[in-house]
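First comes the structure, then the notes that go with it.
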Amino acid sequence: DFCLSRGLGDVYKRQLIYSAFGMGYDKINKSLSDLYYSKDNKVYFVRGGNFFELGPTLIEDADLASLKVLSANYALDMNNVYFQSEKLPFADTSSFSALDSYYAKDNNHVYYFGKPISDIDPNTFELIGTSYFSKDKNNVLYLGNKINNAIPEQFEVLSRGYAKDTNSLFYEDRACLLYTSPSPRDR
């Protein structure tokens, strides 16, 4: 039994070791996430899948029978949507979808890390390729932050955090000042 000595507290020690290594917990949809688990008909979230240091967090009122893991961090049941172990109080379960591990949307909001982003249109919102950029009809975002003065319909991702539109070059969520060398006739 894991090299434990016999004596008082033996059952407690065994339970602690089982818990620390996730023994007795079942993964829920491992192909999408290794962070959601069940045990005794209850749902748990394990940050980073780390039972040993962080342990499982019970997701209060989660319904195991109807729970669907949507991505590494998002899940929903018949009553609620969850980002990790937190309920999303504004989320609409009937229209909610995860776009990746951090972005999601429903008919009313776009979410980043489980928080609604204000003034973003969920009907036109999209991720831009595999970059950290996204957009809707009026805004361009980098990691959930709006980029001032970016033009969505002309926005193009370049590489390594750089992007452009017809007016500016951007690095992450900031416009870069472009230095152009003077032409020979200006010297």
Side-chain angles (χ1 to χ4, degrees), residues 19 22 24-51 53-148 150-157 161 163 165 170 172-173:
S19 191
Y25 290 84
D26 296 314
K27 288 183 181 177
I28 302 171
N29 200 343
K30 182 182 176 184
S31 66
L32 289 176
S33 175
D34 63 351
L35 308 177
Y36 288 96
Y37 292 80
S38 67
K39 182 179 180 181
D40 300 329
N41 209 32
K42 293 181 181 173
V43 178
Y44 295 85
F45 180 82
V46 181
R47 191 167 309 283
N50 187 340
F51 278 91
E53 292 176 341
L54 303 175
T57 301
L58 176 65
I59 302 176
E60 297 289 336
D61 304 322
D63 179 59
L64 178 60
S66 65
L67 189 84
K68 293 179 185 164
V69 175
L70 304 175
S71 72
N73 292 301
Y74 287 100
L76 66 82
D77 64 20
M78 64 184 179
N79 299 311
N80 297 294
V81 175
Y82 307 94
F83 178 78
Q84 299 181 352
S85 61
E86 301 297 319
K87 288 181 192 174
L88 303 185
F90 304 109
D92 173 29
T93 57
S94 66
S95 64
F96 192 88
S97 64
L99 304 174
D100 66 10
S101 292
Y102 303 106
Y103 278 107
K105 68 179 183 175
D106 61 21
N107 286 340
N108 305 307
H109 300 97
V110 172
Y111 302 86
Y112 183 69
F113 270 81
K115 307 284 185 232
I117 306 171
S118 63
D119 303 320
I120 300 296
D121 177 29
N123 294 317
T124 61
F125 181 80
E126 62 181 291
L127 301 177
I128 302 174
T130 59
S131 71
Y132 296 118
F133 293 97
S134 57
K135 67 180 180 177
D136 73 355
K137 65 182 178 182
N138 299 312
N139 302 282
V140 177
L141 300 96
Y142 180 82
L143 295 176
N145 297 312
K146 292 179 188 173
I147 302 174
N148 293 330
I151 304 168
E153 59 275 1
Q154 298 171 355
F155 195 81
E156 179 185 343
V157 175
D165 63 18
F170 300 93
E172 297 178 349
D173 59 354

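All of these numbers come straight from a predicted model, not from anything done at the bench. Computed over heavy atoms, backbone and side chain alike; hydrogens, waters and symmetry mates excluded.
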Task: The single option from L70, L67, V43 passing side-chain contact (heavy atoms from CB on, under 4.5 Å) against Y82 - done: L67
Do the side chains of [Y] and [X] get nearer than 4.5 Å, heavy atoms only?
X    : Y    : answer
F170 : D165 : yes
Q84  : L35  : no
P122 : H109 : no
K27  : D34  : yes
I120 : K146 : yes
Y25  : V46  : no
F45  : Y36  : yes
Y103 : S134 : yes

Open item on the list: According to side chain to side chain contact (heavy atoms under 4.5 Å, CB included), who are the partners of E126, at least two apart in sequence or on a separate chain?
Closed with: K135
Task: Pairs flagged by salt bridge (charged side-chain N to carboxylate O under 4.0 Å, His left out) wherever residues 57-78 is involved - sequence neighbours left out - done: D61-K87
Task: Euclidean distance, N138 CG relative to D119 CG, rounded to 0.5 Å - done: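 Those atoms lie 9.0 Å apart.
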- [ ] Rounded to the nearest 0.5 Å, what's the gap from OG1 on T124 to NZ on K105? Could you check?
- [x] 8.0 Å
Task: Between S71 and N73, a side-chain donor and acceptor under 3.5 Å - done: no
Task: Of F90, F96, Y102, the residue whose pairing with Y111 passes ring-ring contact (aromatic ring centres under 6.0 Å, His included) - done: F96
